[in-house]
Amino acid sequence: MSAKNIFWNEKWIAGICYYVMVWSLASIYGRVLGVSMEWFQELLTIIFVASLVLVLIRKPFLIYAILVAALVLLFMIERFLMPITGIIFDRTMDIGINLQAHFSGGEDIKAESIVFIWIAMVVILSSFTGVILNKNKKTSLLLIMYLISFVYYWYVFVDAALMMMLVFLAMYFFMVGSENYFSIKRVGDEKSDGGVSELYPLWMQTAIRYAILIIVLSYFLPKGYQPLNWEWLNKFIYDLFPIVEDMRGGSQYTRGSVEASPFDLTFTSYLESSGRLGGPVILDDQRIMTVRADGRYYLRGNVRQIYTGTHWENGDNTFTTYKTGQNFGPISEEEDPHFREKTIDILHHYFASKTIFGPWKTVEVEGRGNQKIRVNEDGIILMSDGIYKGEGYSIRIQQPIAYQVLLAMQRDEKKDSLPNLQAYLNLPSTVSTRTIALTCRITEGMEDDYQKAIAIESYLRNNYIYDLQGENLPENDEFVDFFLFKSKRGYCTYFATAMAVMLRIEGIPSRYVEGYTMGDKIEGNVYEVTQKEAHAWVEAFIEPVGWMNFEPTPSLPWIHQDESERIWADMDRERELYDEEETGPKKKLREDLDYDFLWDHNDNEVVTTEEDILLYKLILWLVIVLMGIVPIKFMMGVLNYMKLEKRIKQMPPKERVQHIYQSILVLLALSGYACNKGETPYEFSSRIAYKFYYRDEIGIMEVTDIFVRSKYSLNEVSEEEAQAMFLFKEKLEKRLRKNIGAREYYVRKYFYRKLG
């Protein structure tokens with residue numbers, strides 16, 4: 001074989017290896033980024049880009065010729081057709097800004113940028129591979145770089161990476177064998193050793209056979225596709241390189257690569273595909289959504305009504321069709337004071353679903369385009385087109401105010417008015433007599449449904465162990481009986497099922513709800529939701545207020561009706577009542593009172609611009625404004641507080657006592673003694689009385705008595721009692737100032753206006 005033939009054969013084999021190697025890893029890049037191309041289009045694109053790079057590597061002078069031709073072409077288009085340079089510049093800047101935000105973990109790669117980024121990655125990969133193969137560099141660098149890439153992508157759930165790694169190894173060994181053969185052949189020809197020529201067919205056959213053997217053996221040998229699940233390592237990598245988390249999502253949640261379906265807990269590890277309850281679970285920390293909201297909410301995804309003894313099933317799921325932007329849960333004028341309107345924004349990350357997630361009660365959805373949505377009686381919402389990775393929606397909700405306030409407002413909801421009442425009360429015959437007996441013992445002597453629900457919730461939270469390694473349900477056992485009397489440990493599905501069944505035993509309508517809670521706050525009022533926040537809880541219909549959330553799982557706190565929200569609702573309702581009943585100076589006085597001290601608003605909006613100079617000017621302007629706002633707001637807080645104190649002192653003693661008591665509740669909550677959910681004022685004061693007792697002066701018990709008489713009695717309150725309440729409040733303020741420090745105290749009081 002002549003030297004010329006050896007050269008061309010060597011180049012031909014190196015070329016084949018080059019294209020196959022580039023394709024093996026470039027196709028993985030396409031999967032991860034979510035490139036929406038047919039396989040042959042993707043292959044042709046890779047071949048075209050790799051060929052162009054190969055030509056430029058072998059003939060570098062062409063780079064200059066191409067650059068000159070491109071500049072001339074741009075000039076001609078700019079001069080005679082359209083201003084294309086500005087479009088190219090803006091598009092490049094947009095991709096750059098998107099990539100910068102993506103690498104910092106701030107946003108997903110835009111759909112219109114994916115192909116450009118993928119082509120850029122193919123160019124880089126082709127350049128690296130081509131230089132090593134054509135410039136006689138160390139091929140071991142290829143082995144290291146490619147293997148690290150394939151192993152990494154396999155780790156982040158891209159199963160195709162394993163097969164592509166086998167293809168690469170086959171090409172690599174084929175290439176190494178060929179290089180060794182041609183080296184020996186070249187030396188043999190120089191020494192005129194004709195025996196070397198006979199090695200060519202044998203060498204090629206051996207290389208090809210071993211390459212095929214490697215692929216076949218590697219493919220059929222036992223192996224596991226389950227990725228490593230080291231949570232500490234995942235967290236470390238995510239914190240160090242935020243982009244790694246995005247890579248774990250792959251392309252499996254993008255529009256066009258998967259068909260979205262309605263949500264239930266079988267999407268998580270909490271439930272078997274059969275729906276059978278129980279068994280150990282391993283939670284995944286993959287991020288699925290981010291939520292912008294004013295606080296934490298339960299995000300409902302599915303409601304089940306029928307309990308069989310081993311699992312939950314859906315009842316009559318009749319859906320009504322609406323369009324995005326259409327109000328499907330209008331509130332009457334009479335009901336309007338019972339709710340507070342809120343807006344929640346949700347963005348999908350590594351998740352695809354037809355389900356619209358949101359709290360009870362969601363009344364409107366805004367999404368991409370003019371899509372159809374379907375809503376059933378339980379408030380489950382499905383979007384016909386689905387929501388995929390990188391897509392989001394906004395929901396408008398009507399949040400019911402606190403239970404005690406609804407009672408005071410005389411809300412009158414009856415369970416007999418429920419369209420499918422029996423669905424929320426049905427129980428299988430397998431429910432054990434000892435489950436019924438235990439429920440009756442827990443609620444013994446209670447007449448009120450709310451008290452019964454709280455008692456059942458508290459019993460489950462305090463007497464059973466939260467454990468992800470729950471036992472599998474034995475073949476002939478009923479699930480609730482097994483949990484309550486045998487295993488006595490489990491996770492959310494155990495607790496929620498038990499409470500729903502026990503409520504039904506007491507004749508209280510209940511429904512089993514699946515969805516997510518909201519995880520950590522990552523910035524401002526944006527919360528992260530991972531698969532670890534998958535959850536099941538209970539909604540019960542409590543007369544006379546309607547559906548309410550209950551949380552029997554001890555690993556989670558109560559989310560909605562915390563002390564600050566209940567105080568806010570009480571005070572807001574008082575203000576509404578006064579506005580309705582009073583006129584003249586008293587009404588004006590009510591409008592001037594400031595109740596914002598209970599809230600620390602943090603609704604800062606991030607302004608983004610592509611012009612760096614404008615951005616820097618805007619930031620500088622904001623800094624200057626904020627530097628002036630802080631002292632001004634502090635001074636306004638001082639003046640406002642003085643004005644408020646003066647106006648309160650001018651009120652009649654009865655009104656003054658009620659205002660002072662609300663301020664006392666806030667001070668107690670900030671001191672770590674908040675009123676528990678469902679506690680009456682007397683129960684609350686009795687529980688903490690030993691902490692707030694002053695010799696020869698009134699304590700919290702006497703303060704509570706004065707407040708209750710002022711609010712619920714027709715008798716007047718004396719000036720001395722109002723003054724005593726005021727002195728008690730001042731003592732609490734001094735105590736709080738001593739505990740948290742003077743600086744923190746005055747900031748809360750005058751800047752955030754959180755003290756009354």
Side-chain angles (χ1 to χ4, degrees), residues 298 300 303-307 312 315 335 338-339 359-361 377-379 398-428 431 435-464 480 484 495-513 536-553 558-562 565-566 569-570 573 675-684 712:
Y298 285 103
R300 308 163 83 248
V303 172
R304 299 184 186 274
Q305 305 92 357
I306 300 175
Y307 175 65
W312 287 91
E335 289 185 307
H338 301 166
F339 298 89
W360 173 264
K361 151 181 184 142
E377 287 288 342
D378 289 311
Q398 295 290 351
Q399 182 188 13
I401 60 179
Y403 172 77
Q404 297 291 347
V405 182
L406 288 173
L407 286 183
M409 298 171 69
Q410 299 182 343
R411 184 171 173 82
D412 189 23
E413 292 288 322
K414 299 295 184 183
K415 59 186 177 185
D416 291 337
S417 64
L418 289 173
N420 302 314
L421 175 60
Q422 196 54 41
Y424 306 120
L425 292 173
N426 90 87
L427 286 172
V431 173
T435 299
I436 297 173
L438 174 62
T439 304
C440 294
R441 189 165 67 250
I442 294 170
T443 60
E444 186 176 1
M446 299 178 184
E447 298 294 333
D448 181 74
D449 284 354
Y450 181 72
Q451 292 180 349
K452 292 179 181 180
I454 291 295
I456 294 171
E457 178 189 53
S458 300
Y459 181 84
L460 292 172
R461 291 177 66 91
N462 296 328
N463 292 279
Y464 296 88
V480 174
L484 293 177
F495 288 90
T497 300
M499 183 171 182
V501 168
M502 296 169 87
L503 287 170
R504 293 181 179 190
I505 290 173
E506 285 297 320
I508 302 173
S510 66
R511 51 193 184 195
Y512 172 86
V513 188
W537 64 96
V538 176
E539 291 177 355
F541 192 92
I542 304 296
E543 293 182 339
V545 303
W547 289 107
M548 295 181 64
N549 291 328
F550 289 91
E551 184 51 80
T553 306
W558 180 257
I559 294 181
H560 287 304
Q561 296 191 20
D562 58 21
E565 276 213 295
R566 188 156 62 248
D570 286 339
R573 179 54 188 163
C675 182
N676 291 332
K677 175 167 55 71
E679 271 188 324
T680 65
Y682 282 120
E683 290 172 344
F684 172 55
Y712 302 105

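As the structure is a computational prediction, the values presented were derived from the model and not from experiment.
Around the CD atom of E543, the shell of radius 6.0 Å holds more than 12 heavy atoms that belong to other residues, nucleotides or ligands.
Between Y512 and Y307, the distance from one ring center to the other does not fall under 6.0 angstrom.
Contacts of I306 classified as side-chain contact (heavy atoms from CB on, under 4.5 Å), with partners at least two apart in sequence or in another chain: E313, N426.
Going from atom CG of L425 over to atom CG of L418 covers 8.5 Å, rounded to the nearest 0.5 Å. Note that CG of L406 is 7.5 Å distant from CZ of F339, once rounded to the nearest 0.5 Å. We find the CD-CD distance between E679 and Q404 to be 10.5 Å, quoted to the nearest 0.5 Å. Here the straight-line distance linking atom CD1 of I454 with atom CD1 of I542 works out to 8.0 Å at 0.5 Å rounding. How far CH2 of W547 is from CD of E413: 11.5 Å, rounded to the nearest 0.5 Å. I508 CD1 to T443 OG1: the interatomic distance, rounded to the nearest 0.5 Å, is 8.0 Å.
Of all the heavy atoms in A455 and M446, the pair that sits closest is CB-CE, 3.5 Å. The two residues R304 and W312 make their nearest non-hydrogen contact at CD-CB, 3.4 Å. Nearest approach of L503 to A540, heavy atoms of both residues: CD1-CB, 3.7 Å. Across all their heavy atoms, I401 and M409 have their closest contact at CD1-SD, 3.5 Å. The two atoms that bring V538 and M499 nearest to each other are CG2-CB, 4.0 Å, heavy atoms only. The nearest pair of heavy atoms linking E506 to C440 is OE2-CA, 3.9 Å.
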### Candidate pair R504 and V431, rule side-chain contact (heavy atoms from CB on, under 4.5 Å), full reasoning
CA-CA 11 Å; R504 293 181 179 190; V431 173; over 6 Å; no
### Query
Checking side-chain contact (heavy atoms from CB on, under 4.5 Å) for the pair K452/M502: CA distance, chi angles, key distance, verdict?
CA-CA 10 Å; K452 292 179 181 180; M502 296 169 87; over 6 Å; no
### Task
Give the intermediate values and the outcome of side-chain contact (heavy atoms from CB on, under 4.5 Å) for residues Y459 and L438.
CA-CA 10 Å; Y459 181 84; L438 174 62; 3.5 Å; yes
### Query
Does the pair Y298 and W537 meet the rule for a side-chain contact (heavy atoms from CB on, under 4.5 Å), with working shown?
CA-CA 9 Å; Y298 285 103; W537 64 96; 3.5 Å; yes
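The side-chain heavy atoms of I456 and P552, taken from C-beta on, include no pair separated by under 4.5 Å.
Relative ring orientation between Y403 and Y450 is described as parallel, the plane-to-plane angle staying below 30° on a 0-90° scale split at 30° and 60°.
Using a distance-only test at 3.5 Å, with no hydrogens or angles considered, no donor-acceptor pair links the side chain of R411 to the main chain of G546.
Salt-bridge annotation for R511 and E539: present, with a side-chain N of the basic residue lying under 4.0 Å from a carboxylate O of the acidic one. Ion pairing of E457 with K677 is present here, as a side-chain N (NZ or NE/NH1/NH2) and a carboxylate O approach within less than 4.0 Å.
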